[in-house]
Amino acid sequence: MSNKIRRSMPLFPMGTVMKLTELSARQIRYYEEHQLIRPERTEGNRRLFSLYDIDRLLEVKDLLDEGINMAGVKKILLQEENKEVHSNVKEAAGKDKKDFTNEEVRKLLRKELINAGRFHRDDLPPGERYRYFH
DNA sequence: CTTCTGACA
DNA sequence: TGTCAGGA
């Protein structure tokens, strides 16, 4: 269990994380706003990221590159929501839950969300949210 | 010098 | 998302 402690230990400042992830400070802060990471803060309000945070950011980056939008990324990475979506995907495939490995679920989920992200623009105002649907 | 928040010619 | 301001 000490590995868990290390991975969640607040270690590096913004500058280091920017280089390690190839992400801009703007993007990193934006993902934090969306609860994708929860870095600690120093007494001076400076962010301190853990190895776990680095992993998360890298995953977010990959998912986004695959064409998935923030809404999709959040569904995949946010703990609780994750369980539900996984169940839905398993059911949608008409297969018993325990017949799927985590890898298979990841694959199905990604495919599903790539399409969802292509038509459902959560970042657009309510009225235009589906303008790319037709 | 580095990072933070808020804002948008 | 970039970038600038103004402060810590």
Side-chain angles (χ1 to χ4, degrees):
Chain A
M1 177 74 97
S2 66
N3 260 304
K4 203 165 186 177
I5 296 177
R6 291 190 212 283
R7 296 185 71 67
S8 62
M9 179 164 38
L11 300 174
F12 356 69
M14 183 59 84
T16 302
V17 179
M18 288 173 72
K19 294 172 183 173
L20 260 35
T21 64
E22 297 291 318
L23 290 170
S24 67
R26 180 77 166 77
Q27 293 174 300
I28 296 172
R29 293 177 187 131
Y30 181 67
Y31 303 151
E32 177 183 24
E33 285 183 36
H34 284 270
Q35 311 288 292
L36 269 28
I37 53 173
R38 308 170 188 299
E40 301 288 300
R41 296 291 181 123
T42 64
E43 291 180 23
N45 195 43
R46 263 53 196 308
R47 266 169 275 250
L48 281 187
F49 304 81
S50 65
L51 288 172
Y52 177 68
D53 291 325
I54 304 292
D55 287 341
R56 294 287 294 220
L57 289 172
L58 257 19
E59 292 186 62
V60 172
K61 189 184 177 188
D62 290 339
L63 259 17
L64 253 25
D65 284 335
E66 292 182 56
I68 297 174
N69 59 185
M70 281 304 299
V73 174
K74 291 175 73 172
K75 282 191 176 185
I76 294 177
L77 301 180
L78 263 33
Q79 277 191 52
E80 298 179 9
E81 285 181 90
N82 207 319
K83 296 178 182 177
E84 282 185 58
V85 178
H86 277 196
S87 295
N88 293 330
V89 173
K90 290 172 181 174
E91 287 178 37
K95 204 169 175 181
D96 196 289
K97 292 182 172 62
K98 59 186 177 183
D99 289 339
F100 280 85
T101 64
N102 290 313
E103 296 309 315
E104 292 179 300
V105 175
R106 284 286 284 188
K107 199 171 183 179
L108 285 172
L109 187 56
R110 187 181 312 130
K111 186 177 181 182
E112 178 184 82
L113 289 173
I114 286 177
N115 289 321
R118 188 139 53 213
F119 302 118
H120 184 212
R121 299 290 299 286
D122 247 27
D123 56 315
L124 294 176
E128 302 167 51
R129 200 163 285 177
Y130 295 96
R131 67 176 173 184
Y132 294 119
F133 187 74
H134 295 296

All pairs passing ring-ring contact (aromatic ring centres under 6.0 Å, His included) where residues 9-30 of chain A contributes a residue, at least two apart: A:Tyr30-A:His34
Could you run down nucleotides 2-8 of chain C 5' to 3' and tag each one B, S or - for protein heavy-atom contact under 4.0 Å? BB----B
Pair listing, salt bridge (Lys or Arg N to Asp or Glu O under 4.0 Å) test, anchored in residues 43-54 of chain A, at least two apart: A:Glu32-A:Arg47
Shared hydrophobic cluster, A:Ile54 / A:Leu48 (ILVMFWY, side-chain heavy atoms < 4.5 Å): no
Heavy-atom pair with the smallest gap, counting every atom of A:Pro10 and A:Ser50: N-CB, 4.4 Å
Minimum heavy-atom separation for A:Leu36 to A:Val60, with atom names? CD2-CG2, 3.9 Å
In whole angstrom, what separates A:Ile28's CD1 from B:dT2's P? 15 Å
Only distances under 3.5 Å count here; give the side-chain donor-acceptor pairs of residues 15-25 of chain A to other protein atoms, sequence neighbours excluded, each with its distance to 0.1 Å.
unit_1: A:Thr21; atom_1: OG1; unit_2: A:Val17; atom_2: O; d: 2.7
unit_1: A:Thr21; atom_1: OG1; unit_2: A:Leu23; atom_2: N; d: 3.3
unit_1: A:Ser24; atom_1: OG; unit_2: A:Gln27; atom_2: N; d: 3.1
unit_1: A:Ser24; atom_1: OG; unit_2: A:Gln27; atom_2: OE1; d: 3.2

Look at all strands and tell whether A:Arg47 reaches a base, only sugar-phosphate, or nothing, counting heavy atoms closer than 4.0 Å. sugar-phosphate
At less than 4.0 Å, is any side-chain N or O atom of A:Tyr30 found next to OP1 or OP2 of B:dT5? Yes or no. no
Spacing between A:Met18 atom CE and B:dT3 atom C1', to the nearest angstrom: 10 Å
Taking atom P of B:dT3 as reference, at what distance in whole Å does atom CZ of A:Arg41 sit? 13 Å
Figure out the CD/C1' separation between A:Glu40 and B:dC4, and round it to whole Å. 17 Å
Heavy-atom check, side chain of A:Val73 versus side chain of A:Tyr31, under 4.5 Å: no
Can you name the side chain to side chain donor-acceptor pair (under 3.5 Å) partners of A:Arg38, sequence neighbours left out? A:Gln35
Secondary-structure string, 5' to 3', Watson-Crick or G-U under 3.5 Å, | for another-strand partners, for DNA chain C: .|||||.|
To the nearest Å, how far apart are A:Lys19 NZ and B:dT2 C1'? 11 Å
When the distance from CD of A:Glu33 to P of B:dT5 is rounded to whole Å, what number comes out? 9 Å
For side chain to side chain contact (heavy atoms under 4.5 Å, CB included), just list the numbers for A:Phe49 and A:Met14, CA-CA rounded to whole Å, side-chain angles, deciding distance to a tenth of an Å, and then say yes or no. CA-CA 8 Å; A:Phe49 304 81; A:Met14 183 59 84; 4.0 Å; yes
